[in-house]
There are 2 protein chains.
Amino acid sequence: MSLKIPSDTVSETPGSASAHKNVTTILKQLESDGIIGISVDCVIFGFDDNELKVLLIKSDMERYDNKWSLLGDLVNNHEDLDQAAYRILKERTGLDDVYLEQVKGFGAVGRHPAARVVTIAYCSLINIEHHKLKILDNELHWHRVTTLSEMAFDHRQILDVCYEWLQKRIQEHPLGFSLLPKQFSLRELQNLYEAILDVKLDRRNFRKKFFSMGLLEDTGELESDVPHRPGKLYKFNYDKYQKKERKKWFGIDF
Amino acid sequence: MSLKIPSDTVSETPGSASAHKNVTTILKQLESDGIIGISVDCVIFGFDDNELKVLLIKSDMERYDNKWSLLGDLVNNHEDLDQAAYRILKERTGLDDVYLEQVKGFGAVGRHPAARVVTIAYCSLINIEHHKLKILDNELHWHRVTTLSEMAFDHRQILDVCYEWLQKRIQEHPLGFSLLPKQFSLRELQNLYEAILDVKLDRRNFRKKFFSMGLLEDTGELESDVPHRPGKLYKFNYDKYQKKERKKWFGIDF
DNA sequence: ACCAAAATGTGTATTTTTTACACGGTAGAA
DNA sequence: TTCTACCGTGTAAAAAATACACATTTTGGT
């Protein structure tokens, strides 16, 4: 027997229905042969209406009817893990210039009902407005992360892990800007942090903190369409961040 | 065809030679069927002679002669990833009550010459003295992490990632104590941190820091066999650490 | 018995970072 | 014109991190 995973069929069929059908078929074959499959699941975060959102798709397996699942797919034979994650992102959102990072592998024996599948979870952060138009698939929806009903498979657990990862990561690395427009006000930035971390922050200290990092660039422009005094718009200086010397020593604290 | 991975053969054969031979056979079969294999590699850290060490095994594949590799094995069909990592640790060191944590998955297409294999790296921290007797396999050796020659496959890259992971992790969580005897002097603890982080720390501030955390317990005993004034011996209070409330907010800093 | 060597144990002053906190200004809406 | 809501700014207090020196205890050598 030869179980060549047909990459054309799996990866280049847009939408979910047909692709998922093929995946199901493949999984059955894997299961009958006692083979462990490997997949990538993308946890795609967005920020809208001052809330953290996650992009989910309706599972089309009967057993998981009406449950939402992460965007995932089997890994093709010729692509590495990162490539697989980028492919899924590209297929679902049309984007390839996005933040993407591996978070964790999940390999519980019974995590997938059809076969033994080990999945690698990736986190991606995108700006919802910027990418709204590219999502044509009706099965896709942005969900609030904080109020989320049951999910398919172990995807709730994966999401929880990724959310905690994000909360930590966003404080140490400038990921958050990927969720905002290129130009943003300090208020928007603070809303982002407050929403993701679920804390209230002092406005003046927040500004002081960010300005002292010297990575925000004044664009000279102002907010518009706000029913109050408009704030200045800034952009994040990635170049400066790259060149910045990282401090090696953070200090012991636990 | 059926490719049942014979768990008995793979996992319960001690030593490396015969087990690796079977793994090689299995990999050839995977490759010919175009199937992605999945393995776990353990990066086992120890601390000895004031240096960070890693436990390696001599690769028995011709192509990687005289190179050292991490302790790894294919994941069995009936065990989850963590279990696989614990199994490998148990087989190699005889231990099952050790620190173990998943670090990252590695899935470059050409990372293994025999077949496409995605591996999940786990880090483990053990006390070398405590476990010295259980390691009977002559192919196993503790190596300095800082001065390490070429390794097999992409294991050098995996080790590098795990070492960086350790450097960061050890500052936020009390992992380091797993590398020390149950009772240790503050000097030993400081040596550990200085070696792993490659920094020099002020002795008084280091002590102040750890005592202020309130997690070190004075055993009332003293060092012995030291050619100078003996220091007090402490142990780490894990219970107290567990009960301690974690601070949610660390502060933005990048 | 004494001395030298080496590492232990301890406190304070200085600097840096974090936190708390209030008011005048400006744009839009009514 | 007035109201509302948010923008922009500085300082004082507290907390945390850093720099730094000396007397003490043990071992080992003479």
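Everything numeric here is computed off the predicted structure, so don't read it as measured data. Proteins get letters first, then strands, A, B, ... in listed order; numbering begins at 1 in each.
Regarding A:Met213, its CE atom lies at a distance of 17 Å from the C1' atom of C:dT16, rounded to whole Å. Atom CZ of B:Arg207 is separated from atom P of D:dT18 by 18 Å (rounded to the nearest Å). Rounded to whole Å, the distance from CG on A:Asp202 to P on C:dT18 is 13 Å. We find that NZ of A:Lys247 is positioned 8 Å from P of C:dT17, with the value rounded to whole Å. Atom NZ in A:Lys200 sits roughly 21 Å away from atom P in C:dT18 (whole-Å rounding). For B:Phe211 and C:dT8, the CZ to P distance is 12 Å, given to the nearest whole Å. Per the geometry, CG belonging to B:Asn205 stands 14 Å off P belonging to C:dG11, to the nearest Å. Between the C1' atom of D:dC6 and the CG atom of A:Asn50 lies a distance of 14 Å, rounded to the nearest Å.
Residues A:Val98 and A:Ser178 fail the side-chain proximity criterion, which asks for heavy atoms closer than 4.5 Å.
Checked against B:Tyr122 for a side chain to side chain contact (heavy atoms under 4.5 Å, CB included), the options B:Val43, B:Asp82, B:Asp41 give a single hit: B:Asp82. The ring pair (Phe, Tyr, Trp, His ring centres under 6.0 Å) test with A:Phe177 singles out one residue from A:Tyr99, A:Tyr234, A:Phe236, and that residue is A:Phe236.
Between the base of C:dT19 and the side chain of A:Lys208 there is a donor-acceptor pair shorter than 3.5 Å. At a cut-off of 3.5 angstrom, counting only N and O atoms as typed in the model, there is a donor on one side and an acceptor on the other between the side-chain of B:Arg229 and the base of C:dT8. Under 3.5 Å, the side chain of A:Arg204 and the base of C:dA22 form at least one donor-acceptor pair of N or O atoms.
If you find the closest nucleotide of DNA chain D to B:Leu222 and to A:Pro227, the one lying nearer the 5' end belongs to A:Pro227. Each of B:Asp253 and B:Gly231 has a nearest nucleotide on DNA chain C; the 5'-most of these lies closest to B:Gly231.
Among the heavy atoms of the strands lying under 4.0 Å from B:Arg203 is at least one base atom, whether or not backbone atoms are also near.
Residue B:Lys240 qualifies as open at atom NZ: its count of foreign heavy atoms under 6.0 Å is 12 or below.
When every heavy atom of A:Lys209 is checked against every heavy atom of B:Ile252, the shortest pair comes out as CE-O, 2.6 Å.
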